[in-house]
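When a residue number appears, it is its place in the shown sequence, counting from 1.
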Amino acid sequence: MKSSNNHAHTILGTVVPEDQRLNFLPRHFGTHMMLVERQVYHHFANLCPQYLGGYWHFYELSNGGCYLAPDRDRCTLSHAGNSVDTTVSGDAAGIIATLYTFSHLAFHFEHDPYGERLSTHFDLLRAYASQHAEAGLIYRVID
């Protein structure tokens, strides 16, 4: 179980057990589950050009949110748009890629009730990210 700093309302992140992975994406994203998953991997590959694939962990957040994160200790991320070239944990990299995905797809579906659902997922994950040990780096990359 991952947790952030000891705040009064600390949001906890828990890895989804293997036997529950098949339910994770449909529960959070319904019929758009494959689109969301594909977009997370796409955004991560854009940020981490050396990425060639691999296993990803799924996380449930105690505030109802979720995210995906690559099974890597460290990731070097580059984003020319905001002059970022930094190394973060795999966990932080997954949070970043998932935040990008939620934001991108929320705008894509802005005139659809699904867009509101993705905006809510963005807000829940952003709240968790604000308590993360690498919050400063996460916000620097997503800014």
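Ala93 and Phe44 get closest at one heavy-atom pair: CB-CE1, 3.6 Å. Annotation for His43 and Ala97: closest pair CB-O, 4.1 Å, computed over non-hydrogen atoms. What you find for Gly13 and Tyr128 is that their closest heavy atoms are N-CE1, 3.9 Å. Leu61 and Leu124 get closest at one heavy-atom pair: CD1-O, 4.1 Å. The two residues Ile11 and Gln131 make their nearest non-hydrogen contact at N-OE1, 2.8 Å. When all heavy atoms of Gly94 and Tyr67 are compared, the pair lying nearest together is C-CD1, 4.3 Å.
Under the rule for a side-chain contact (heavy atoms from CB on, under 4.5 Å), the partners of Ser119 that lie at least two apart in sequence or sit in another chain are Ala106. Residues forming a side-chain contact (heavy atoms from CB on, under 4.5 Å) with Asp85 (at least two apart in sequence, or on another chain): Thr76, Ser78.
With a 4.5 Å cut-off on side-chain heavy atoms, Glu60 and Gln20 do not count as touching. Considering only heavy atoms from C-beta on, Phe109 stays 4.5 Å or farther from Arg117 through its side chain. Side-chain contact between Thr87 and Leu77 is absent, with no heavy atoms from C-beta onward closer than 4.5 Å. By the 4.5 Å heavy-atom criterion applied to side chains, Cys66 and Tyr59 are not counted as neighbours.
The CD1 atom of Ile96 sits 12.0 Å away from atom OG1 of Thr101, with the distance rounded to the nearest 0.5 Å. Separation of atoms CG (Leu118) and NE2 (His28) is listed at 12.0 Å; rounding is to 0.5 Å. In this structure, the separation between CZ on Arg21 and CG on Asp19 is 11.0 Å, given to the nearest 0.5 Å.
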Tell me, with the steps shown, if Phe122 and Thr98 meet side chain to side chain contact (heavy atoms under 4.5 Å, CB included). CA-CA 8 Å; Phe122 178 88; Thr98 306; over 6 Å; no
Mind running side chain to side chain contact (heavy atoms under 4.5 Å, CB included) on Tyr100 and Val40 for me, showing each step along the way? CA-CA 8 Å; Tyr100 272 134; Val40 171; over 6 Å; no
Passes side chain to side chain contact (heavy atoms under 4.5 Å, CB included), Phe58 versus Leu25? Steps please. CA-CA 9 Å; Phe58 298 162; Leu25 291 169; 4.2 Å; yes
Tell me, with the steps shown, if Glu37 and Phe29 meet side chain to side chain contact (heavy atoms under 4.5 Å, CB included). CA-CA 9 Å; Glu37 184 179 34; Phe29 309 111; over 6 Å; no
In residues 133-143, what donor-acceptor pairs under 3.5 Å come from side-chain atoms, sequence neighbours left out?
from	atom 1	to	atom 2	distance (Å)
Glu134	OE1	Ser89	OG	2.4
Glu134	OE2	Ser89	N	3.0
Tyr139	OH	Arg126	O	3.1

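With 3.5 Å as the limit, one finds no donor-acceptor pair spanning the side chains of Asp91 and His57.
No single ILVMFWY cluster, assembled from side-chain heavy atoms under 4.5 Å apart, contains both Leu99 and Phe107.
Between Phe102 and His121, the angle of the ring planes lies from 30° to 60°, which puts this pair in the tilted group.
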